[in-house]
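Letters go in sequence order (proteins before strands), and every chain restarts at 1.
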Amino acid sequence: MDSILDGLNSAQRTAVTSPASILQVLAPPGSGKTKTLTARVAYLLSHHDYRPQDVICCTFTIKASREMRERLSKLIGNQLESKLILGTFHSICRRYLVAYGHLIGLKKGFGIADSNDSLAVIKKIIKRLRLGIQANTARFRISSQKAQGIRCEELMVKRSKSSEQEEFVRVYQAYETALSNSNLLDYDDLLLRCADLLQKHPQCVSNVQAVLVDEFQDTNRIQFDLMNLFAARNRRITIVGDPDQSIYGFRSAEIKNLTRMQKLYRDTSVVILENNYRSSGSILSSAEDVIEQDTSRPTKKLHPTHGVGTLPVLRKLSTAAAEAQWLTLEIKRCIALTGNLLKYSDFAVLLRSASLSRQIESEMGKEGIPYRMVGGFRFFDRAEIKILLDYLRAVSHPEDSDTLIRVINVPPRKIGEETVKLLTTGAEEAKMSLWVFVKDVAQGRRSTKKGLSKAAERGLGNFLGLVETSKQKLLECRDDTAPRRLLEFIIRRLSFREFLKTAYPLDEENRWANIEELLAQAGDASNPAASPGGDDHLPGIDGLEQQQGHPGHEALTRFLANIALSTEITSDDSSKEKVTISTIHAAKGLEWPVVFVPAVYDGIIPHSRAEDADEERRLLYVAMTRAQALLYLSFPRRDSKNGDDTAQSSFLPPNIVDNRFRATGPKFHEKAVYGIADILRRPRPAIEEMLKGMSGLPSVEDDRWTADGEEHPGAVPKWDSSRALPPTYECSWAKRRRVDQEDRPKSCTYLASASYTMNNQASFSISNTLSVGFSTARQHMATQESTTSDRASIEEVNGVPNKITATSHIDSGLTQGTISTFFGQIGAKRTASKSPSLVNRQPVKESQDDEYAQINRFQASRDILQPTVPENLSDHRIQPQRWLPSRPTAEPSKPLEYTWLSALPKPEANPPSIASQQKGGNSFENTEMRTEAENDEIKRSQGSLDSIQSAATYHPATMPIIRQAGPTTGRKTLGIRRGMNGWADRMSKANNKNA
DNA sequence: CGTACACCCTTTTTT
DNA sequence: AGGGTGTACG
């Protein structure tokens, strides 16, 4: 049973086993937060005998809930995890509203309005009421009012002070009416209405024994209320969070909730996790320096468990284009010089905003670096996908007139603006929904003021027929396959592929591939895009009736809801080695061996439109703490838009930069590479591998640009590996290489480095498994796995003490007090109890760069080397604890375990043949009813559709790479035309304009 | 009346 | 790349 506690450090154990009924776990980056939370769930189940269906576990992203479920299935087994009420706040609330919404007068089968829907509704209102307010501002304001639980009735009662406020309240009110007429709930409504429900009918959660909340610092007011309502009966709550990682204030998250919770529950216990198992010491130090500029924040220290490692880089480049070039080149340099230690999938580029990806994507495309973009564009927002989803919505949810209007003339049915206007006003006057009105008109029971044209009438008939027969189909299908069957039916009836051909003649294959992906997502009930898995049911409660609907229809609404609630799709892309490009927000909770954070200049970070500078700083902190071994920040000195000079991010003042960063990429000498390998817990690469990599590079150093970011005087304009090298280039390349070789003969290089290792060894008097020179790496590799003590010794070679015992003083589990006093206590105790271990917090001077930059091979080969141990390491003594085999290994650094991308096995691409298109003349619609034979065909095609490439593969900008990848991908013609060329065109256009 | 085409704008972060 | 607007044509 207590295998649950295996691999946890003492602080984590304290948290997991805490008898406290109200528990806060404060978990800084890389401290094993998810591990602790999952273990806590398992512990509560086993030690308190709670039934899994009586435990609610809330996360913020679908990704996080999926990961938790996966981990729990390993930990508790027996499919128990599938019974847990686990999901995002929004999805859990939706579940309760589906089951019990009737108790608060919610109409059955409500749909979810995503932000696009909301915006569209608001735009319409503003137009109708002729108001001056900006639609986006209105939406934002409505959302923040709702997040604080302020309804529009409350605002209406108050006498509004300004005409502007009055205007807003009118929009708010009209918005609420519009949503309710369409039987839609927006994101905030899901929370708000669920809180309503639980307030009025607490018996709905009368079974709940324990409530757990992840990323608590990101909860808003309503979510806080919900947590308490969920836990109303048994008052057992565990939250995990970190105020420093609160980056959702713009969405009304309130860090205050931490103290609010402590006030509400006087017996709150707090446990803090301090050991960082993710990042190198120097990365951690730099991140701490950044976050500590926030003086309002209680100080708190992180304890690195890894060596100092390689100093982070802050790189200046001339322009964003140069930045992108440098970045791709640096990725190549990293891979080449670390001798197969790093793969593409070990790299992440983290951006403040998704739009910054353009230049990087295009550069990677050019250089043949495979990548995937996360965040930003949603798969489900693509035009062709949206059309089909809107049809599904129209079928599931015909009250929603906006959706109806969106597809009523797609593909073109001769139903133009004027006809739509006639229909909507007609419906309004008859006081019925558009759908009912249209039906009456089409079936001749009613007519519009002005008669419709013959063509429009026919089109309307077709449209109606399609939706009606689709409904019929849906009723016939009583299981989870409904969404997919329905999609297939609609695609067939629309002759959708024909439509795509006409609508997007250059791009049809690409878009069709997206449709196939959509089908795959819809068909795969066990792993649909967005379904968090597990069953969607709430446990039955005596005396309470759950609403039951048609199972097929429920499967459909669930599918649509999951799409609305999912940020990005699951794509089992993991078998492909790809660099990840992501927004910082979407990267939360993840880690990579190497992280790039471009565009760290004022206006981007902090963003010019951001209201809360502290939150922007935390964002940078989150980005930096994603890195395990190497961290690169960079920015262009000139803004690419207007050519203005940029100012280095104000979060990176000179005093921090001077101490914590180098100006150019590190030299990957043996020592640095080994340090990286050790942090990643990977075998150290062989010297030969490292040497091999050098030959493919234009230069082994990051010297194509000067440290100030200008193109290097001697360098040739463009290094483009995909083309043949121009003669001039080859010339200078050769020259530069010769210089390299003269100055740094390979034979000397590593001997020097090894001799340093030897010195290091001697002064620490450790590890006899390491010997001298070239044999070091190989011998290490041979022995590495076999002994645990060896691992410890590696870290000592890196020159940093391991801090296993550092957190022992908090093991007792602190109770009461505010967070700040709590932090205060910790801080005080620490400085009193263990001064020598503060080594890592001291500025790393350039002389200690890369641990020992001045002792690099260059100097060593000239006998300049003074093999002294850097001052801040000289008082190191090996602590006996380090030799204990029981060293905790929380959060092992296996990056792929953290990425949603690796979640699933990868089926082989197998172009399906659903494309059985009918040639039906010019009309896209096949008005024939489907026959049994067709049913069979769809059944057959399902088989082949199960194996389909992931959607991320079809990200438009990813396309060029697929082509480069060649025959293995199986699709050679995918969307190249659209992918990059559009951008290149635009860019050259823009340039011409400027010139 | 409906459509096709050319031209403007824009893009912080997300459930 | 989409969305919105404006103009010319069937």
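- Under 4.0 angstrom from either OP1 or OP2 of B:dT3 there lies at least one side-chain N or O belonging to A:Asn409.
- Rounded to whole angstrom, the span from the CG atom of A:Leu590 across to the P atom of B:dT14 amounts to 13 Å.
- A:Ile247 places its CD1 atom 9 Å from the P atom of B:dT14, with the value rounded to the nearest Å.
- Among the nucleotides B:dT14, B:dC1, C:dT5, the one closest to any side-chain atom of A:Lys450 is B:dC1.
- Using a 4.0 Å cut-off between charged side-chain N and carboxylate O, A:Glu363 and A:Lys366 make a salt bridge.
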Applying side-chain contact (heavy atoms from CB on, under 4.5 Å) to A:Arg618 and A:Ser246, what does each step give before you reach the verdict? CA-CA 7 Å; A:Arg618 291 193 293 267; A:Ser246 162; 3.9 Å; yes
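- Nucleotide B:dT12 holds its P atom 11 Å from the CZ atom of A:Arg139, rounded to whole Å.
- Counting non-hydrogen atoms under 4.0 angstrom, A:Ala354 reaches the backbone sugars and phosphates but no base.
- For A:Thr419, a side-chain nitrogen or oxygen approaches OP1 or OP2 of B:dG2 to under 4.0 Å.
- Side chain A:Arg352 to base B:dT13: a donor-acceptor pair is found below 3.5 Å.
- Partners of A:Phe224 by ring-ring contact (aromatic ring centres under 6.0 Å, His included), not counting sequence neighbours: none found.
- Comparing C:dG4, B:dT14, B:dT3 against the side chain of A:Lys123 picks out C:dG4 as the nearest.
- Rounded to an integer number of Å, the gap from CZ of A:Arg382 to P of C:dG3 is 13 Å.
- Between the NZ atom of A:Lys386 and the C1' atom of C:dG3 there is a distance of 11 Å, rounded to whole Å.
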Determine whether A:His397 and A:Phe110 satisfy the following criterion, ring pair (Phe, Tyr, Trp, His ring centres under 6.0 Å), listing intermediate values before the conclusion. CA-CA 8 Å; A:His397 207 228; A:Phe110 62 85; 8.4 Å; no
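- Picking from B:dT13, C:dT5, C:dG2 the nucleotide with the shortest atom distance to the side chain of A:Lys127 gives C:dT5.
- Rounded to an integer number of Å, the gap from A:Tyr187 OH to B:dT13 C1' is 14 Å.
- Note on A:Phe89: nothing from the nucleic acid sits closer than 4.0 angstrom, heavy atoms only.
- For the salt bridge (Lys or Arg N to Asp or Glu O under 4.0 Å) condition, the pairs that include at least one residue of residues 129-149 of chain A, sequence neighbours left out, are A:Arg141-A:Glu164, A:Lys146-A:Glu176, A:Lys146-A:Asp186, A:Lys146-A:Asp189.
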Criterion side-chain contact (heavy atoms from CB on, under 4.5 Å) on A:Leu185 and A:Leu179, from CA distance to verdict: CA-CA 7 Å; A:Leu185 299 183; A:Leu179 282 193; over 6 Å; no
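- In this structure, A:Arg251 and A:Glu418 both approach DNA chain B, and ranking their closest nucleotides by distance from the 5' end singles out A:Glu418.
- B:dT13 has no stacking from A:His585 on its base ring, since the centres under 5.5 angstrom apart and planes within 30 degrees of parallel are not both found.
- Stacking here means ring centres nearer than 5.5 Å and ring planes tilted less than 30 degrees, and by that measure A:Tyr248 does not stack onto B:dT14.
- For A:Pro412, counting side-chain heavy atoms from C-beta on, the closest listed nucleotide (B:dT3, B:dT14, B:dT11) is B:dT3.
- Nearest-nucleotide positions on DNA chain B for A:Lys414 and A:Thr583 put A:Lys414 closer to the 5' end.
- Residue contacts for A:Ser453: at a heavy-atom cut-off of 4.0 Å it reaches no nucleic acid atom on any strand shown.
- Using P as the reference atom, C:dT5 and B:dT11 are 15 Å apart when rounded to the nearest Å.
- We find that CZ of A:Phe499 is positioned 14 Å from C1' of B:dT3, with the value rounded to whole Å.
- When heavy atoms are screened at a 4.0 angstrom cut-off, A:Glu615 is found touching no nucleic acid atom at all.
- A close approach under 4.0 Å does not occur between any side-chain nitrogen or oxygen of A:Lys588 and OP1 or OP2 of B:dT13.
- Rounded to an integer number of Å, the gap from CD1 of A:Ile222 to P of B:dT14 is 22 Å.
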